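Notes follow once the structure below has been shown.
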Amino acid sequence: MPELPEVETVRAGLAKWVSGRTVASVEVRHPRAVRRHVAGADDLVSRLVGARLGDAARRGKYLWLALDGRDEALIGHLGMSGQLLVQPADLPDEKHLHVRMSFTDGGRELRFVDQRTFGGVMLDPLVPTVDHPSQFVPAQVAHIARDPIDPLFDDDLFSRRLRKRDSAIKRALLDQSLISGVGNIYADESLWRALLHGERPARLLKSATVTELLGHVRAVLNEALAAGGTSFDSLYVNVNGESGYFDRVLAAYGREGEPCMRCGTPIRRSSFMNRSSFWCPSCQRPPRLRRS
DNA sequence: TATTTAACCTGGACGC
DNA sequence: TGCGTCCAGGTTAAAT
């Protein structure tokens, strides 16, 4: 599942293979893949053809390529199963190929492939960021907080905002407007490392505990980034179609019934927000007062 | 206003 | 073999 390390791996691939190239043609094969481009597929195509793609940027799980000389960017979001692939034009179409983009140099195509179509691509105007107005992000990304490996991420601000939340810590970690880039997998891994149960109320955490947790979040993300991301079912791949291998070192996520790597207690799975949480009942003690 | 829930979607796993 | 059901989860509109 694409979280920050996976999206960053894809961004680096786009910077290498796509930035600086001029769009020759765009084929939208599935309208749902461009549903967030409100002006429609035809508008997306007409505005992209002839545009030169600039630097590849990312915030949280969103990535985008600014269009040279224009105040707008091509946004991509991978959702849960999206892939942005750079493929030879003569390679057969993928089963779930939804958008194909060719370039004037006649080189490899950019393809958006998505089994579950939660992701998509769109064009969006660039707007100044609230905290650093000299920086620009697409308008649809403006509400997304910086991610913890962003040099401009404000640790103190995050701690203050987190400890005002009247919700559980895991729910807060998944709130992209508070901290971006963390999904279900890395939230569970970070909480396991920090010895924190995900149902612990955020507002009762001490500042030092939040600082320690943030350190674990950063460590997990950086380790996953170095490994090229996580892969469980081949749904996540980089632009060349290769999978990461961070899943080999996951300590909690997906390990229900297996011994905790720290204490040997079987990892437990519990229902959380229509998905699952994995945690050690010995290392990560649930709060005494469960939320109703 | 702040927080929580449900819906979106497809294919693999599983039980019968 | 075939059918039905469950599950995975990022985002956001709708509900509370």
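Keep in mind the model is a prediction, meaning the values are calculated, not measured. Numbers restart at 1 for each chain; the letters A, B, ... are given by sequence-line order, proteins then strands. Heavy atoms only: backbone and side chains are in, while hydrogens, waters and symmetry mates are out.
- Rounded to a whole Å, the CZ atom of A/R32 is 12 Å from the C1' atom of C/dG10.
- In terms of phosphate contacts, A/R35 brings no side-chain nitrogen or oxygen within less than 4.0 Å of OP1 or OP2 of B/dC9.
- Contact annotation: A/S81 side-chain N/O to B/dG11 OP1/OP2 distance is not under 4.0 Å.
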Residues A/L250, A/F278; criterion side chain to side chain contact (heavy atoms under 4.5 Å, CB included); working and verdict: CA-CA 11 Å; A/L250 291 179; A/F278 296 88; over 6 Å; no

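- Atom-to-atom, NZ of A/K164 to P of B/dT3 comes out at 11 Å; the value is rounded to the nearest Å.
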Generate the contact string for nucleotides 11-16 of chain C. Rules: B means base contact, S means sugar-phosphate contact only, - means no protein heavy atom under 4.0 Å. BS----

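- Contact annotation: A/R165 does not reach the phosphate of B/dA2 (side-chain N/O to OP1 or OP2, under 4.0 Å).
- Taking atom CZ of A/F118 as the reference point, atom P of B/dC8 lies 10 Å away to the nearest angstrom.
- No donor-acceptor pair closer than 3.5 Å links the side chain of A/S271 to the backbone N or O of A/S276.
- Taking 4.0 angstrom as the limit, A/H96 places none of its side-chain polar atoms (N or O) nearer than this to OP1 or OP2 of B/dC9.
- Nucleic acid contact for A/R171: base, since at least one base atom lies under 4.0 Å from a heavy atom of the residue.
- Heavy atoms from other residues, nucleotides or ligands lying under 6.0 Å from CG of A/D55 number 12 at most.
- A/L162 has its CG atom 15 Å from the P atom of B/dA2, to the nearest Å.
- In this structure, A/R146 forms no cation-pi arrangement with A/F153, as its terminal cationic atom is not both closer than 6.0 Å to the ring centre and no more than 45° off the ring axis.
- If you check B/dC8, B/dT3, B/dA6 against the side chain of A/S167, the one that comes closest is B/dT3.
- Rounded to an integer number of Å, the gap from CZ of A/R161 to P of B/dT3 is 10 Å.
- Judged by distance alone, the side chain of A/R262 and the main-chain N or O of A/W192 form a donor-acceptor pair under 3.5 Å.
- Distance, A/N274 CG to B/dA7 C1': 9 Å, rounded to whole Å.
- In this structure, A/R116 atom CZ and C/dA8 atom P are separated by 11 Å, rounded to whole Å.
- For the pair A/D114 CG and C/dA8 P, the interatomic distance rounds to 19 Å; values are reported in whole Å.
- Of the listed residues (A/I75, A/L14, A/V141), just one forms a side chain to side chain contact (heavy atoms under 4.5 Å, CB included) with A/L63, and that residue is A/L14.
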With a 3.5 Å cut-off and sequence neighbours excluded, list the donor-acceptor pairs that the side chains of residues 204-212 of chain A form with protein atoms.
residue, atom, partner, partner atom, Å
A/T211, OG1, A/S207, O, 3.1

